[in-house]
Amino acid sequence: QVQLVESGGGSVQAGGSLRLSCAVSGGSFRRYNMGWFRQAPGKEREFVAAIDWRISITYYAEPVKGRFTITRDNTKNTVTLQMGDMKREDAAVYYCAAADSILTAPSLYRVQSLYDYWGQGTQVTVSS
């Protein structure tokens, strides 16, 4: 059984940084395309960032480009989201997800239904 466990959430001031981690167990992490999504109160869950399984190509949503960085460590079965210059609109529950399929176009990494496994989420709060 594949499990994803996020950690690193918390409270940060606007302009500050926070690092989220997602530990994956029970599956073949090296084969998974990994993504981060977030859901703010009253809003739908949205794509944040993704990294492919083969050569670690990364994809980002426009609002976080240049501020967030996604990386993966195949030796530790973890994926990390480094968040910088944080804004109040970054406040949300952040979810880690794994897709055990070949995603043939960049746009597919944003499609939540293509992700097979999800973590429980970790809360991020941004104060001014």
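What you see is a predicted model, and the numbers here were worked out from it, not measured in a lab.
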Is there a donor-acceptor contact under 3.5 Å from the side chain of D52 to the main chain of N33? no
Any donor-acceptor N/O pair, R31 side chain to G27 backbone, under 3.5 Å: no
Using 30° and 60° as the class limits, which term best fits the ring planes of F47 and F37: parallel, tilted or perpendicular? perpendicular
Other residues, nucleotides, ligands: >12 heavy atoms within 6.0 Å of Q13 CD: no
Heavy-atom closest pair (Q39 atom, K43 atom, distance to 0.1 Å) is NE2-O, 3.0 Å
When you compare the side chain of T122 with that of V93, does any pair of heavy atoms fall below 4.5 Å? no
Not counting sequence neighbours, list each pair that qualifies as a ring pair (Phe, Tyr, Trp, His ring centres under 6.0 Å) and has a residue in residues 54-103. Y59-Y109
Residue I102 excluded, over 12 heavy atoms near CD1 under 6.0 Å: no
Are V111 and I57 in one and the same hydrophobic cluster, where Ile, Leu, Val, Met, Phe, Trp and Tyr link if side-chain heavy atoms are under 4.5 Å apart? yes
Same hydrophobic cluster for V5 and W118, using side-chain heavy-atom links shorter than 4.5 Å among ILVMFWY? no
Show your reasoning for whether side-chain contact (heavy atoms from CB on, under 4.5 Å) applies to R38 and V124. CA-CA 9 Å; R38 67 186 182 188; V124 172; over 6 Å; no
Roughly how far, to the nearest 0.5 Å, is the OH atom of Y32 from the OG atom of S101? 11.0 Å
Determine the minimum heavy-atom distance between Y115 and A97, stating which atoms define it. CD2-CB, 3.5 Å
To the nearest 0.5 Å, what is the distance between OG (S56) and CG (D73)? 10.0 Å
Does C96 reach the side chain of W36, with side-chain heavy atoms less than 4.5 Å apart? yes
For the pair E6 (side chain) and Q120 (backbone), establish whether a donor and an acceptor sit closer than 3.5 Å, ignoring hydrogens and angles. yes
Short side-chain to backbone donor-acceptor contact, D116 and D100, under 3.5 Å: yes
Single-linkage hydrophobic cluster L114~V48, side-chain heavy atoms < 4.5 angstrom: no
Looking at every non-hydrogen atom in both residues, tell me the closest pair between A92 and A40 and how far apart they are. CB-N, 3.7 Å
Return yes if some donor-acceptor pair links the side-chain N/O of S17 with the main-chain N/O of G84 below 3.5 Å, else return no. no
Side chain proximity check, R19 to M83, heavy atoms < 4.5 angstrom: no
More than 12 heavy atoms from other groups under 6.0 Å of NZ on K87: yes
Donor-acceptor contact present, side-chain Q112 to main-chain R45, <3.5 Å: yes
V79 side chain near I70 side chain, heavy-atom distance below 4.5 Å: yes
Consider side-chain contact (heavy atoms from CB on, under 4.5 Å). Of V24, T78, T71, T80, which one does M34 pass it with? V24
Taking the six-membered ring of F29 (Phe, Tyr or Trp), confirm whether the NZ or CZ of R72 is under 6.0 Å from its centre and within 45° of its axis. yes
Euclidean distance, S127 OG relative to R88 CZ, rounded to 0.5 Å: 8.0 Å
Any chance you could measure R54, atom CZ, to R30, atom CZ, to the nearest 0.5 Å? 15.5 Å
Shortest non-hydrogen contact from R110 to A61? NH1-CA, 4.0 Å
CZ-CD distance between R67 and Q82, expressed to the nearest 0.5 angstrom: 12.0 Å
Hey, could you give me the CD1/CG distance between I51 and L81, rounded to the nearest 0.5 Å? 10.5 Å
